[in-house]
Amino acid sequence: MKKNFRNTLAGTGVAAILAVSALSGCSALGSAPTIAAETETEDVAETEAAKDTGADETTEEAAATEAESIAATDGGTRLDDILARGYIEVATEPYFAPNEFIDPSKQGDDKYVGSDIELAYYIADQLGVECHIIPLEFDAVLTGITDGKYDLAISALAYTPARAEAMEMSIGYRFGEITQYGLLIREEDAENIKTAEDLADKVVVCQAGSLQELFATQQIPAMQELKRTSSSNDAYLTVQEGKADAAAVAKDTAQLYVDANPEGKLMVVPDFAFETDESTQGTRIGITKGETALLDKVNEILEDLVASGQYDEWYEEYSEYARSLGL
């Protein structure tokens, strides 16, 4: 596999930053003992110096407080906060290959890989800050952004009207072929489940908060129960273990799982797809509502990235990567 952007960043810029921090962050220098004869004279000088220093510190603290007050009055943005603190927090649900998944052979933050993870590090690099990946369940990714806990949600997000009401959504950055959403079933049910109408009186499962959930609730005319799981993989397993009859899925991602786990005896229904429209196409980034300065900057970065074709290259690269791990 070619050396990707994230590995390049980790091996150069980040390492350099950490090295500088290690050198400058915690230096404690000792001082020579004071000679007794000098003590009385020096005490007087130190007392006066302390008074001057205290006055200076008070003045500096007041100035800092005033500056913070002015910034708040001027409407400081999350983009300003990110640049000031030197890092960006990116929420993701790392169980959706090839966008975001876990490489169990790696440790720490390095175990989070995927085309979206590359994108997160790329955006951080363009902003000149570090990237902190925050792994969460998918519904926590969504609420974390709507509540303003994190800076970006990069987690294979599709557009929905409800999400657009709750958060800012970036321009699309992954289109490729039109994403299709359909049904995952057990091979033994291939003759019995071919359309949504065949799910009457059956149990369906989907990932909570996903676009698939919207399709299941709107386009399956009758079902016994709709179960919700925290990840797509859990939905696949629910069908595999006989706890549901079908899962509403993104077809290409579900097919990756089927190909990597033939012992599961699962299949994607070949000639069925939920109805979609152009507004649901394109993978997007979620940003807290009202943070338009950050949205504009992210869109600017995405426009250049999409034009270069780099994200599509990452997507294909990590599709092969996921297959090699049996995901």
Side-chain angles (χ1 to χ4, degrees), residues 91-104 111-117 119 133-144 153-160 163 174 176-186 193 196 199 203-217 219-220 223 225-269 272-274 276 280-284 286 315 318-319 321-323 325-327:
T92 192
E93 186 248 353
Y95 302 103
F96 198 78
N99 299 73
E100 43 271 325
F101 55 101
I102 292 175
D103 182 343
K111 68 184 178 184
Y112 301 114
V113 297
S115 52
D116 277 355
I117 304 301
L119 175 59
I133 299 296
I134 312 296
L136 300 167
E137 292 187 353
F138 190 67
D139 56 352
V141 171
L142 299 179
T143 57
I154 305 183
S155 196
L157 291 183
Y159 176 93
T160 71
R163 285 179 193 166
R174 165 67 184 173
E177 297 179 1
I178 294 177
T179 302
Q180 288 192 325
Y181 298 88
L183 298 171
L184 177 80
I185 61 173
R186 293 182 291 277
I193 301 177
L199 295 172
V203 177
V204 179
V205 63
C206 64
Q207 182 182 31
S210 67
L211 189 58
Q212 300 89 283
E213 180 181 11
L214 177 66
F215 291 147
T217 55
Q219 297 185 38
I220 298 177
M223 54 185 155
E225 180 186 0
L226 179 62
K227 292 184 175 181
R228 295 167 175 84
T229 61
S230 61
S231 73
S232 293
N233 277 11
D234 287 343
Y236 307 154
L237 288 170
T238 301
V239 176
Q240 185 173 320
E241 294 168 357
K243 297 176 182 177
D245 299 295
V249 297
K251 294 180 71 171
D252 54 355
T253 302
Q255 190 62 52
L256 279 176
Y257 182 88
V258 170
D259 293 343
N261 298 276
E263 72 283 356
K265 298 187 182 304
L266 299 173
M267 62 176 288
V268 175
V269 175
F272 170 79
F274 290 108
T276 61
T280 66
Q281 296 303 307
T283 311
R284 301 161 191 257
Y315 189 90
Y318 280 98
S319 293
Y321 191 162
R323 289 189 185 98
L325 294 176
L327 299 177

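We number each residue from 1, following the sequence as shown. This structure is a prediction, so every number in the text was calculated from the model and none was measured.
Note: Leu226 CG to Ile220 CD1 = 7.0 Å, rounded to the nearest 0.5 Å. Annotation: the span from Tyr181 atom OH to Ser210 atom OG amounts to 8.5 Å, rounded to 0.5 Å. Note that CG of Asn233 is 10.0 Å distant from OG1 of Thr253, once rounded to the nearest 0.5 Å. A distance of 11.0 Å separates CG in Asp116 from CD in Glu93, rounded to the nearest 0.5 Å. Atom CG in Leu183 sits 10.5 Å away from atom CE in Met267 (nearest 0.5 Å). To the nearest 0.5 Å, the span separating CZ on Arg228 from CG on Asp234 amounts to 15.0 Å.
The minimum heavy-atom distance linking Pro98 with Leu256 is given by the pair CD-CD1, 3.8 Å. When all heavy atoms of Val258 and Leu184 are compared, the pair lying nearest together is CG2-CD1, 3.6 Å. Residue Ile133 comes nearest to Ile117 through the heavy atom pair CD1-CD1, 4.3 Å, listed as atom of the first residue, atom of the second, then distance. The two residues Glu213 and Gln207 have their closest heavy-atom pair at CB-O, 3.9 Å. Residues Tyr236 and Val249 share a closest heavy-atom pair of CE2-CG1, 3.6 Å. Nearest approach of Ala91 to Val141, heavy atoms of both residues: O-CG1, 4.0 Å.
The shortest side-chain heavy-atom distance between Ser230 and Asp139 does not fall under the 4.5 Å cut-off. Looking only at side-chain heavy atoms (C-beta outward), Thr92 and Ile154 stay at 4.5 Å or farther from each other.
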Test log, rule side chain to side chain contact (heavy atoms under 4.5 Å, CB included), inputs Lys227 and Val204: CA-CA 6 Å; Lys227 292 184 175 181; Val204 179; over 6 Å; no

Check against side chain to side chain contact (heavy atoms under 4.5 Å, CB included), Asn99 and Tyr318: CA-CA 7 Å; Asn99 299 73; Tyr318 280 98; over 6 Å; no

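The closest side-chain donor-acceptor pair between Gln240 and Tyr257 falls under 3.5 angstrom. For the residue pair Tyr321/Asp103, the side-chain donor-acceptor check at 3.5 Å is satisfied.
For the ring-ring contact (aromatic ring centres under 6.0 Å, His included) test, no residue two or more places apart in sequence or in another chain qualifies with Phe138.
Counting only residues at least two apart or on different chains, no salt bridge (charged side-chain N to carboxylate O under 4.0 Å, His left out) pair has a member in residues 253-268.
Remark: Tyr95 OH is loosely packed, at most 12 non-hydrogen atoms of other residues, nucleotides or ligands lying under 6.0 Å away.
Checking side-chain atoms of Thr238 against main-chain N and O of Lys243 turns up no donor-acceptor pair under 3.5 Å. A donor-acceptor pair under 3.5 Å is formed between the side chain of Lys251 and the backbone N or O of Phe272. Under a 3.5 Å cut-off, the side chain of Arg163 and the backbone N or O of Gly209 do form a donor-acceptor pair. No donor-acceptor distance shorter than 3.5 angstrom exists from the side chain of Ser155 to the backbone of Leu157, with no hydrogens or angles considered.
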